[in-house]
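Numbers for residues simply follow the sequence, beginning at 1. Being a predicted model, the structure only gives us computed values, none of them experimental.
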Amino acid sequence: AIQARLALSGASGRAATLGAHDQAVAFLRQAIAITADAAERAGLYLRAASSANAAARHDLAQALVLEGIAIAGTLADPALLGAAEALLGELLIDAGKPPEAVEVLEAAVARLAEVSDDEARAGLLGNLSRAYMRSGHPARAIETADLALAIAERRHLDRIIAETLNNKGSSLSYLGR
């Protein structure tokens, strides 16, 4: 089963790289079905949700990420739960639901403040900045972007830095600055 899971996981990565996200989701669902470890299952659900989102299958993406969150919530891994909730926020924004994303991400940021995993917190704050921007709250987006950048720059989290700078720049533009 381990060898099959690894093969399916690898095949999903190749499919996603080629833009075949529906196929990637199918491979990941097969891998989930044969994976016993809860943390690995949660990670596979999150990867499947990302691919479903890339294929603009927002309902499927949300269902998959919620499965991942449910599993992550049973584990003593705040970083995994934070990453899962950050992904849910991203999916909600991409599905045109930024106010819902704000609610999810604000609650997740508050929860993660208690354990303070820097990478997960930076991801949550970066996505919250984007949700504020897309919800028409540019000043809050800038303030939140600055919090995310302070963490992400210190940890050299390049993807979060790039996305958050985009959020901040767009929000500054909305304010005429």
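- Side chain of Asn167 to backbone of Gly126: a donor-acceptor contact under 3.5 angstrom is found.
- Cluster membership for Leu128 and Leu147, using ILVMFWY side-chain heavy atoms within less than 4.5 angstrom, is shared.
- Arg41 contributes a side-chain N or O that, together with a main-chain N or O of Ile32, makes up a donor-acceptor pair within less than 3.5 Å.
- Between atom CG of residue Leu60 and atom CG of residue Leu64 there is a gap of 4.5 Å, rounded to the nearest 0.5 Å.
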Go through the steps to decide whether Leu8 and Ile34 satisfy the test side chain to side chain contact (heavy atoms under 4.5 Å, CB included), and finish with yes or no. CA-CA 10 Å; Leu8 289 164; Ile34 60 172; 4.0 Å; yes
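- By the rule that hydrophobic residues join a cluster once side-chain heavy atoms approach within less than 4.5 Å of another member, Ile71 and Leu28 end up as members of one cluster.
- More than 12 heavy-atom neighbours from other residues, nucleotides or ligands sit within 6.0 angstrom of CZ on Arg154.
- Between Met133 atom CE and Ser173 atom OG the span is 10.5 Å, to the nearest 0.5 Å.
- Closest non-hydrogen pair, Asp146 versus Lys168, comes out as OD1-NZ, 2.6 Å.
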Test side chain to side chain contact (heavy atoms under 4.5 Å, CB included) applied to Arg121 and Arg155, step by step: CA-CA 11 Å; Arg121 187 164 172 77; Arg155 296 284 306 273; over 6 Å; no
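- Arg134 CZ to Ile93 CD1: the interatomic distance, rounded to the nearest 0.5 Å, is 7.0 Å.
- Under a hydrophobic clustering in which Ile, Leu, Val, Met, Phe, Trp and Tyr are joined whenever their side-chain heavy atoms come within less than 4.5 Å, directly or via other members, Leu81 and Leu87 fall into the same cluster.
- Smallest separation of non-hydrogen atoms from Ala122 and Ile160: O-CG2, 3.8 Å.
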Full working for salt bridge (Lys or Arg N to Asp or Glu O under 4.0 Å) between Arg140 and Glu106: CA-CA 12 Å; Arg140 289 170 71 184; Glu106 284 179 340; 2.9 Å; yes
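- In terms of hydrophobic clustering, with Ile, Leu, Val, Met, Phe, Trp and Tyr side chains grouped at heavy-atom distances under 4.5 Å, Leu46 and Leu66 are assigned to a common cluster.
- A side-chain donor from one of His58 and Asn53 sits under 3.5 Å from a side-chain acceptor of the other.
- The two residues Ala131 and Leu105 have their closest heavy-atom pair at CB-CD1, 4.2 Å.
- With Thr17 contributing its side chain and Gly13 its backbone, the two residues share a donor-acceptor pair below 3.5 Å.
- With hydrogens and angles disregarded, no donor-acceptor distance shorter than 3.5 Å links the side chain of Ser129 to the backbone of Leu125.
- Counting all heavy atoms, side chain and backbone alike, Leu80 lies closest to Ala42 at CD2-CB, 3.9 Å.
- Residue Leu175 qualifies as enclosed at atom CG: its count of foreign heavy atoms under 6.0 Å is above 12.
- Distance check, rounded to the nearest 0.5 Å: CG of Leu18 to CD of Gln23 gives 10.5 Å.
- Among the candidates Ser12, Ser50, Ser51, the single residue satisfying the side-chain contact (heavy atoms from CB on, under 4.5 Å) test with Val25 is Ser51.
- Nearest heavy atom pair, residue Val102 against residue Ser135, reads CG2-OG, 3.8 Å.
- A side-chain donor-acceptor contact under 3.5 Å links Asn127 to the backbone of Ala86.
- In this structure, the separation between CD on Glu143 and OG on Ser171 is 11.5 Å, given to the nearest 0.5 Å.
- Residues Pro138 and Leu172 fail the side-chain proximity criterion, which asks for heavy atoms closer than 4.5 Å.
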Working for side chain to side chain contact (heavy atoms under 4.5 Å, CB included), residues Arg130 and Glu90: CA-CA 8 Å; Arg130 182 173 172 225; Glu90 180 181 329; 3.9 Å; yes
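- No side-chain donor-acceptor contact under 3.5 Å links Ser9 to the backbone of Arg5.
- Hydrophobic clustering of Ile, Leu, Val, Met, Phe, Trp and Tyr side chains at less than 4.5 Å, counting indirect connections, unites Leu75 with Leu88.
- Glu85 has a carboxylate O that lies under 4.0 Å from a charged side-chain N of Arg111, or vice versa, which qualifies the two as a salt bridge.
- Minimum heavy-atom separation, His21 to Ala55: CB-CB, 3.9 Å.
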